[in-house]
Trainee: 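Please read through the structure below; I'll follow up with questions.
Hydrogens, waters and symmetry mates are skipped; everything else that's a heavy atom, side chains included, is used. A quick note: this is a predicted structure, and the numbers were derived from the prediction, not measured.
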Amino acid sequence: MARSELRRAENVAGDFYVDTSCIDCGTCRWMAKDIFSRSGGMSNVYKQPENEMDKLRAMQALIACPTFSIGQESKNRSLREKGEESFPNPVGENVYHMGYHSEKSFGAASYLITREDGNIMVDSPRFSKKLADKLHSLGGIKWLFLTHRDDVADHEKFREEFSCTRILCETDAKPSTNSIEILFNESNIPQLGEDIEIITVPGHTQGHSVLNYNKQYLFTGDHLAYSPSLANLYAFRTACWYSWPEQITSMQKLQHYQFTAVLPGHGHPLQANSVQEMQQQLEKCIQWMQEKS
């Protein structure tokens, strides 16, 4: 848990704070951008929440923090319970942000899609009994789709709890994921329904893949995210573990698919007004990546 005596000097005075255990994953900065900022290589509170909605967002960020680096001096139990109850948190029609980010995945976000053909969880959050109980009430998990080898977190605990079928591209398998039920490649991509497209996008890792739901929501793992400073989609040049040229090719591949929302593991999400607007964003991203080659 966050420790008041380790409260960063960069925090403004008030109830919420970030302590020196922060790993700079950026989770709080996109979840509650009006409250958290970055300075000195870590997050900090630059404005204390003033209304009930902002207080809830700050609490959601506290609960989601993978290193428990966010604290609240007042330890408001009622607000804490509201924050816990809010996860999985809706981000669109039958699409949810799981919260409970895991340090094992450096704070990557994970998501849930509820559907009649079986719920899909995209990447694994930190296991929590309270979260598991909420997932049971939403119909459980049938499929656990893992975008790549870095963001698997507590996949084994979710498998044990829900008997879900885990899916990962075989070239991203490692000793801790050899027990995964479906290891696929380009020639045998799993078919989870007409509303689901699994797309291989090597680059960040050799076996990275993304999931496109209903030609609307693209769950991108660490392949693609939005940058507020660039005001555009981008990829992580300094965190490309396999091949930057292949990641550019994979990005060009996405130009053949329709989607209006990017929901990444790391980085900020983006909701466009149309497929055309998203394609324009993607084109600018590719140009930026080519300039960085």
Side-chain angles (χ1 to χ4, degrees), residues 25 64 66-67 87-88 95-115 117-193 195-213 218-223 239-243 246 250 263-266:
C25 71
T67 50
F87 291 116
V95 174
Y96 301 81
H97 169 219
M98 300 293 289
Y100 294 90
H101 294 206
S102 172
E103 187 175 8
K104 297 174 185 177
S105 299
F106 197 73
S110 55
Y111 299 91
L112 178 74
I113 307 168
T114 58
R115 52 203 284 273
D117 291 341
N119 295 349
I120 302 172
M121 188 162 74
V122 180
D123 289 328
S124 172
R126 177 174 83 243
F127 187 85
S128 159
K129 185 62 167 61
K130 289 184 178 180
L131 178 62
D133 289 344
K134 287 291 294 293
L135 290 173
H136 279 296
S137 72
L138 290 170
I141 304 169
K142 182 176 182 179
W143 311 96
L144 172 47
F145 175 78
L146 300 167
T147 57
H148 66 297
R149 64 189 298 156
D150 299 336
D151 294 350
V152 299
D154 287 340
H155 70 100
E156 292 175 328
K157 293 182 180 179
F158 284 98
R159 162 65 182 177
E160 182 178 351
E161 178 75 20
F162 294 97
S163 299
C164 51
T165 299
R166 296 165 293 175
I167 303 170
L168 176 69
C169 184
E170 64 183 10
T171 48
D172 257 27
K174 53 184 179 179
S176 63
T177 55
N178 282 340
S179 63
I180 284 177
E181 290 70 37
I182 297 179
L183 294 172
F184 71 93
N185 57 43
E186 182 70 39
S187 63
N188 67 340
I189 293 177
Q191 302 300 310
L192 307 185
D195 56 343
I196 300 294
E197 295 173 305
I198 294 175
I199 309 160
T200 56
V201 286
H204 174 73
T205 62
Q206 186 176 4
H208 201 299
S209 56
V210 299
L211 186 147
N212 192 15
Y213 168 58
L218 187 71
F219 300 88
T220 58
D222 290 349
H223 177 68
C240 180
W241 313 133
Y242 176 59
S243 169
E246 285 209 34
S250 294
L263 298 178
H266 288 104

Trainee: Could you give the distance from CG (L218) to CG (L211), rounded to the nearest 0.5 Å?
Mentor: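 Interatomic distance, L218 CG to L211 CG, rounded to 0.5 Å: 8.0 Å.
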Trainee: Would you say the side chain of I113 lies within less than 4.5 Å of the side chain of Y96, judging by non-hydrogen atoms?
Mentor: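 No, every pair of side-chain atoms sits at 4.5 Å or beyond.
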Trainee: Report the residues that fulfil salt bridge (Lys or Arg N to Asp or Glu O under 4.0 Å) with K130, sequence neighbours left out, ordered by chain and then residue number.
Mentor: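 Listed in chain order: E84.
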Trainee: Quick one: list whatever passes salt bridge (Lys or Arg N to Asp or Glu O under 4.0 Å) with E197, sequence neighbours left out.
Mentor: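 Counting only residues at least two positions away or on another chain, E197 forms a salt bridge (Lys or Arg N to Asp or Glu O under 4.0 Å) with K215.
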Trainee: Given 3.5 Å as the limit, does a donor-acceptor pair link the side chain of S243 with the main chain of G203, or not?
Mentor: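 No.
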Trainee: What pairs meet the salt bridge (charged side-chain N to carboxylate O under 4.0 Å, His left out) rule with one or both residues in residues 199-211, with sequence neighbours excluded?
Mentor: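 Qualifying pairs, neighbours excluded: none.
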Trainee: Please round to the nearest 0.5 Å and tell me the distance separating atom CZ of F87 and atom CG of L135.
Mentor: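 Interatomic distance, F87 CZ to L135 CG, rounded to 0.5 Å: 12.0 Å.
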Trainee: Can you list every pair that meets salt bridge (charged side-chain N to carboxylate O under 4.0 Å, His left out) and has a residue in residues 142-158, with sequence neighbours left out?
Mentor: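 Residue pairs with at least one partner in residues 142-158: K104-D154.
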Trainee: If the condition is ring-ring contact (aromatic ring centres under 6.0 Å, His included), which residues does H148 pass it with, not counting sequence neighbours?
Mentor: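 By the ring-ring contact (aromatic ring centres under 6.0 Å, His included) rule, H148 matches H204, H208.
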Trainee: Under the side-chain contact (heavy atoms from CB on, under 4.5 Å) rule, collect the residues that match up with D133, sequence neighbours excluded.
Mentor: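 For D133, the residues satisfying side-chain contact (heavy atoms from CB on, under 4.5 Å) (neighbours in sequence not counted) are K129.
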Trainee: Considering residues at least two apart in sequence or located in another chain, which fulfil the ring-ring contact (aromatic ring centres under 6.0 Å, His included) criterion with F127?
Mentor: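 For F127, the residues satisfying ring-ring contact (aromatic ring centres under 6.0 Å, His included) (neighbours in sequence not counted) are F158.
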Trainee: Please lay out, stage by stage, how F184 and L168 fare under the test side-chain contact (heavy atoms from CB on, under 4.5 Å).
Mentor: CA-CA 6 Å; F184 71 93; L168 176 69; 5.6 Å; no
Trainee: Indicate yes or no: at least one non-hydrogen side-chain atom of C25 is less than 4.5 angstrom from one of P66.
Mentor: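 The answer is yes, as the side chains (C-beta and beyond) meet within the 4.5 Å cut-off.
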Trainee: Over all heavy atoms of both residues, which pair between I167 and I180 is shortest? Give the atoms and the distance, please.
Mentor: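 For I167 versus I180, the nearest heavy atoms are N-CG2, 4.0 Å.
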Trainee: What residues, two or more places apart in sequence or in another chain, satisfy side chain to side chain donor-acceptor pair (under 3.5 Å) together with Y213?
Mentor: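 For Y213, the residues satisfying side chain to side chain donor-acceptor pair (under 3.5 Å) (neighbours in sequence not counted) are N94.
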Trainee: Under 4.5 Å between any side-chain heavy atoms of V122 and T147, yes or no?
Mentor: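 In short, these two side chains touch, coming nearer than 4.5 Å.
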Trainee: If every non-hydrogen atom of L192 is compared with every non-hydrogen atom of R115, which pair is closest and at what distance?
Mentor: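 Distance-wise, the nearest heavy atoms are O-NH2, 2.7 Å.
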Trainee: Compare all side-chain heavy atoms of L263 with those of V95 and state whether any distance is below 4.5 angstrom.
Mentor: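 Heavy-atom side-chain distance check passes, below 4.5 Å.
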Trainee: If you compare all heavy atoms of C169 against all heavy atoms of G207, which two are closest, and at what distance to 0.1 Å?
Mentor: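 What the structure gives for the nearest pair is CB-O, 3.0 Å.
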Trainee: Of the non-hydrogen atoms in G99 and P125, which two are nearest, and what is the gap between them?
Mentor: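 Reported closest heavy-atom pair: O-CB, 3.6 Å.
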Trainee: Which atom names give the shortest non-hydrogen contact between S124 and L146, and what distance separates them?
Mentor: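 That closest heavy-atom pairing would be N-CD2, 4.2 Å.
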Trainee: Assess the side chains of N119 and T114: does a donor N or O sit below 3.5 Å from an acceptor N or O?
Mentor: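 Result is no, nothing qualifies.
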Trainee: Which atoms form the tightest heavy-atom contact between L144 and D123, and what is the distance?
Mentor: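 What the structure gives for the nearest pair is CD1-O, 3.8 Å.
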Trainee: Using the six-membered ring wherever Trp is involved, compare the ring planes of H97 and Y111 and label them parallel, tilted or perpendicular (cut-offs 30° and 60°).
Mentor: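 Tilted, since the angle between the ring planes falls between 30° and 60°.
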Trainee: Under the criterion side-chain contact (heavy atoms from CB on, under 4.5 Å), I'd like the reasoning laid out for N212 against I199: C-alpha separation, chi angles, the key distance, then a yes or no.
Mentor: CA-CA 8 Å; N212 192 15; I199 309 160; 4.3 Å; yes
Trainee: If you measure from CD1 on I198 to CD1 on I120, what distance do you get to the nearest 0.5 Å?
Mentor: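 Atom-to-atom, I198:CD1 and I120:CD1 are 7.5 Å apart.
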Trainee: S110: what forms a side chain to side chain donor-acceptor pair (under 3.5 Å) with it, not counting sequence neighbours?
Mentor: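 By the side chain to side chain donor-acceptor pair (under 3.5 Å) rule, S110 matches no residue at all.
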Trainee: Tell me, do T165 and F145 make a side-chain contact under 4.5 Å, heavy atoms counted?
Mentor: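 No, too far: nothing below the 4.5 Å cut-off.
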Trainee: Give every residue pair that meets the salt bridge (charged side-chain N to carboxylate O under 4.0 Å, His left out) criterion with at least one member in residues 168-181, sequence neighbours excluded.
Mentor: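 Listed by first then second residue: R159-E181, R166-E181.
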Trainee: Where do F162 and H136 land on the ring pair (Phe, Tyr, Trp, His ring centres under 6.0 Å) test, with the steps shown first?
Mentor: CA-CA 8 Å; F162 294 97; H136 279 296; 4.4 Å; yes
Trainee: Not counting sequence neighbours, which residues clear side chain to side chain donor-acceptor pair (under 3.5 Å) with S137? List them please.
Mentor: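 Testing S137 for side chain to side chain donor-acceptor pair (under 3.5 Å), a comparison that skips the adjacent residues, returns none.
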Trainee: To the closest 0.5 Å, what do you measure between CE (M98) and CG (L112)?
Mentor: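 Interatomic distance, M98 CE to L112 CG, rounded to 0.5 Å: 5.5 Å.
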Trainee: Under the side chain to side chain donor-acceptor pair (under 3.5 Å) test, which residues partner H223, sequence neighbours left out?
Mentor: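 Side chain to side chain donor-acceptor pair (under 3.5 Å) check on H223 returns nothing, list empty.
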